[in-house]
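Dropping the structure in here first, questions after.
Numbering of ligands and ligand atoms starts at 1, following listing order.
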Amino acid sequence: MRIRNLAVAALGVAALCGASGCRKHARTAKVDPLLAAYDSEADWNDSTKMIPLGYQQAQGKRVFYQYCVWCHADSTPAGPSNRSNLTPVPALLDDGATLNAESDEYLGNIITLGGSALGKSAMMPPYGRTLSPEEIRSVIAFTRAIAQPPYQPPGRPGSQYSAR
Ligand code: HEC
């Protein structure tokens, strides 16, 4: 009796697997970097492309969508952003053509001290008293992760570690 019940249960599992494609699931789990990521962000220029985020980058994404999205993106969780109303118009945070050339130190300074401290627009607020140094580092890491064209960290030219 017991054995027959077990056999029936096993048959049931086999049938369910067949119907829902268990094997297919196992196959997609192979090497998708998104599955090992803490979070992801759709490429702002191509929403079909997902960018996997590491731990620090994922923390930075949280900071960005809380504090920066209103001026450094075109759309926000609440609708269109304020960006186009500002002069000068702030760089999109994924604007690699502008931001890739700026050092982490410079980005850290303008985020911490605000635009006016660096002779730029005071419309860029200072976050040194709102965000911790770690949160500022994380939002820079997020900036680097979403950059288009992609960000290449400064390396020794010709080094085996340089991406080119
Ligand atoms: C109220 C609008 C506003 C908010 C919110 C804001 N920024 Fe800015 N940001 C600006 C403006 C305006 C500039 C351009 C300053 C200039 O070029 O004179 C700027 C410039 C910058 C720059 C320098 C870019 C460059 O072209 O050199 C960085 C980096 C930056 N912001 C990061 C951030 C981050 C990170 C946050 C969130 C923690 C943030 N900003 C929030 C308005 C804003």
Using heavy-atom distances only, which candidate in Tyr127, Tyr65, Phe64 approaches atom 41 (C) of ligand 1 most closely?
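Among Tyr127, Tyr65, Phe64, the closest heavy atom to atom 41 (C) of ligand 1 comes from Tyr127.
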When rounded to the nearest 0.5 angstrom, what is the spacing between CD1 in Ile146 and OG in Ser40?
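Nearest 0.5 Å value for the CD1-OG distance: 12.5 Å.
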May I ask you to check whether His72 brings an N, O or S atom to under 2.8 Å from atom 8 (Fe) of ligand 1?
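Under 2.8 Å: His72 contacts atom 8 (Fe) of ligand 1 through an N, O or S atom.
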Would you mind checking which non-hydrogen protein atom is closest to atom 22 (C) of ligand 1, with the distance to 0.1 Å?
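For this ligand atom, the closest protein heavy atom is Ile110 CG2, 3.9 Å.
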Shortest reach to atom 12 (C) of ligand 1 by a heavy atom, considering only Ser138, Ala91, Pro90, Ala101:
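Looking at heavy atoms only, the winner is Pro90.
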If you count the atoms of ligand 1 from 1 in the order shown, which ones are under 4.0 Å from a heavy atom of Ile111?
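Numbered from 1, ligand 1 contributes 32 (C), 35 (C).
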Within the 4.0 Å heavy-atom shell around Thr98, which atoms of ligand 1 are there?
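Taking each heavy atom of Thr98 in turn, ligand 1 has 26 (O) under 4.0 Å.
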Identify, by atom number and element, the atoms of ligand 1 in contact range of Ser121, meaning under 4.0 Å from any of its heavy atoms.
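Matching atoms, with element in brackets: 15 (C), 16 (C), 18 (O).
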In Å, rounded to the nearest 0.5 Å, how long is the span from SG of Cys68 to CG of Leu93?
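These two atoms lie 6.5 Å from each other.
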If you measure from NE2 on His72 to CE on Met124, what distance do you get to the nearest 0.5 Å?
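Rounded to the nearest 0.5 Å, the NE2-CE separation comes to 5.0 Å.
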Which ligand 1 atoms does Leu99 reach within 4.0 Å, using its non-hydrogen atoms?
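Ligand 1 atoms under the 4.0 Å threshold to Leu99: 24 (C), 25 (C).
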Distance check, rounded to the nearest 0.5 Å: Thr76 atom OG1 versus Asn82 atom CG?
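Going from OG1 on Thr76 over to CG on Asn82, the span is 9.5 Å.
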Parallel, tilted or perpendicular for Phe64 and Trp44, by the 30°/60° rule?
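Rings of Phe64 and Trp44: tilted, as their planes differ by 30° to 60°.
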May I ask whether Leu118 and Val139 are part of the same hydrophobic cluster, defined by side-chain heavy atoms of I, L, V, M, F, W, Y residues being less than 4.5 angstrom apart, directly or through others?
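Leu118 clusters together with Val139.
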With side-chain contact (heavy atoms from CB on, under 4.5 Å) as the criterion, how do Glu41 and Phe142 come out once you've worked through the C-alpha distance, each side chain's angles and the decisive distance to 0.1 Å?
CA-CA 9 Å; Glu41 176 76 355; Phe142 177 66; 4.0 Å; yes
Return the option from Cys68, Cys71, Ser116, Gly60 holding the heavy atom at the smallest distance from atom 4 (C) of ligand 1.
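It is Cys71 that holds the nearest heavy atom.
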Kindly work out whether a path of hydrophobic side-chain contacts (I/L/V/M/F/W/Y, heavy atoms less than 4.5 Å apart) joins Leu131 to Tyr106.
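Yes, it is one cluster - the side chains of Leu131 and Tyr106 are joined through contacts under 4.5 Å.
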Within ligand 1, which atoms have a heavy atom of Leu107 less than 4.0 Å away?
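Result: 29 (C).
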Residue portion contacting ligand 1 (non-hydrogen atoms closer than 4.0 Å) for Asn82
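Neither part.
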Is Tyr65 reachable from Ile136 through a run of I, L, V, M, F, W or Y residues, each pair having side-chain heavy atoms under 4.5 Å apart?
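Yes.
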Answer yes or no as to whether an N/O/S atom of Met123 is found below 2.8 Å from atom 8 (Fe) of ligand 1.
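Checking Met123: none of its N, O or S atoms is under 2.8 Å.
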Hey, looking at atom 33 (C) of ligand 1, which of Met124, Glu102, Arg83, Lys120 has the closest heavy atom?
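Nearest option to atom 33 (C) of ligand 1, by heavy atoms: Met124.
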Would you call Pro88 a ligand 1 contact, heavy-atom distance under 4.0 Å?
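It does; at least one heavy atom falls under 4.0 Å.
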Rounded to the nearest 0.5 Å, how far apart are CG of Asp104 and OH of Tyr151?
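Between atom CG of Asp104 and atom OH of Tyr151 there are 5.0 Å.
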Looking at ligand 1, would Tyr67 count as a contact under a 4.0 Å heavy-atom criterion?
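The answer is yes, since Tyr67 has a heavy atom less than 4.0 Å from ligand 1.
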Report, in ascending order of atom number, the atoms of ligand 1 lying under 4.0 Å from any heavy atom of Val139.
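Under 4.0 Å from Val139, ligand 1 has these atoms: 35 (C).
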Going by the order shown, which atoms of ligand 1 are within less than 4.0 Å of some heavy atom of Pro125?
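Within the 4.0 Å cut-off of Pro125, ligand 1 contributes 3 (C), 4 (C), 6 (C), 7 (N), 43 (C).
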Distance from Asp46 atom CG to Gln148 atom CD, nearest 0.5 Å?
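These two atoms lie 8.5 Å from each other.
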